[in-house]
Amino acid sequence: MNDASRSLGDRAQAMIDALATITAEPGKLTRLYLTGEHREAARLVGEWMRRAGMSVRMDAAGTMHGLLPAGREGPDSRRRLLIGSHIDTVVDAGRYDGTLGVIAGILAVEELRDRAVPLPFAIEILAFGDEEGVRFPKTLIGSSTVSGALGDAMLELTDETGVTIRDALLKFGGDPDALADEAYVRGTVLGYLEVHIEQGPVLDQAGQPLGVVSAIASQGRYRLSIKGEAGHAGTVPMQTRHDALVAAAQVILAIEEVAMKHARASCVATVGEIKAMPGTSNVIPGLVEFSLDLRASTDDARSAAASEIRRRIRDVGVRRGVLVGMETMHEKPVATCAPRLKRAVSLAIERVTGSRPLELMSGAGHDGQAMVNLTDIGMMFVRCRAGISHNPLESVEREDMDLAIRALVATIEVIADEHSGADR
Ligand SMILES: [Zn+2]
């Protein structure tokens, strides 16, 4: 290997560029779970893990695991610190989302190995295959498998072409019947760390390369419906109409108001999908269905905002004589970062950048939401240009990646110091 003279940031960029060439569509980056592209990316990541001195295996869900054993005997030498992120992408994706976290982990291991610092615990790098949930109507399959949070009844879910997760796993070389056996036992792990691009503008606007994550937002998805009365656009007088779309417009404005009122809890609400029926220019809409994505920094704030929205919808229903409904599709509780890992990440960032990092909530979902079922989680955010993500324009400075990898190494050292105290 003659990489020694290149900076960690340059090396990370070269690896990210190599992964970005593995795609389903030339000229675009699209790499979905359990596809040929995923297999090719997993193979390359496995090769890098091996080169960094790790023993490598693929688990039943297609996650790549690279293990660096502890450097010395002690009370924690059989336990492992997990570091991971994902190698799947959205359609027409950016190249840093997920992959940066996997590559940062691999380069951090290489760095520690080259420094010949004997660690009191093992480190395991995880490259998950399904964080984005694009191919199947399910997310976090890899991290839910490792954390034992997968649940049943997902193997028969299908992609757009009718392929089940079971069949896709078999074709990939995974094992649908062994998923439950992959769950780690709580006492064997020391925590889960993830480096990820922020995917938002806060660090960029603050002029800071790195931040420490406080929590991954509490999230709810809801399906709303308003049933009014369809009618002739030319003959029904305005005063007697029960226009479902006008009612929906009022509800959407109320949703915005509620989210803004809960801004202190980082509440954000989005209506991103709407369908008006019958959907004809000369018919008063009789039925409207729309989605609501609601997130906040605490479960209480999210459920308070949801209750308030329910109340506001009911008011609109009464005032306009329309039938309203709000159905919960799914709710994910907040995943709070453990104070000890937050402290370690924070201290490490301060060591490499010279200043105290900002603390941010993650509005986006991450593998940590599944891993928190197994162990303490900690996350570091890296600045991305203008906060643009899930977009080919996604961009991260090499210098920032360099700092991120050095801060990850420093985080591992801080945690190692804590665990050395337990040695005799
Ligand atoms: Zn991601």
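Counting begins at 1 with the first residue of the sequence. All values reported here derive from a predicted model rather than from experimental measurement. Order of appearance sets the numbers: ligands from 1, and atoms from 1 within every ligand.
A salt bridge does not link Glu308 with Arg312: none of the charged nitrogens is closer than 4.0 Å to a carboxylate oxygen. Here Asp76 does not pair with Arg78 in a salt bridge; the nearest charged N to carboxylate O distance is not below 4.0 Å. Salt-bridge check for Glu124 with Arg80: passed, with a basic side-chain N closer than 4.0 Å to an acidic carboxylate O. A salt bridge is absent between Glu350 and Arg343: the closest approach of a Lys/Arg side-chain nitrogen to an acidic carboxylate oxygen does not fall below 4.0 angstrom.
With a cut-off of 2.8 Å, the Zn ion (ligand 1) has no N, O or S atom of Asp367 in range. With a cut-off of 2.8 Å, the Zn ion (ligand 1) has no N, O or S atom of His366 in range.
To the nearest 10 degrees, the angle centred on the Zn ion (ligand 1) between NE2 in His196 and OD1 in Asp97 reads 90°.
If you look at His86 and ask which of its N, O or S atoms sits nearest the Zn ion (ligand 1), the answer is NE2.
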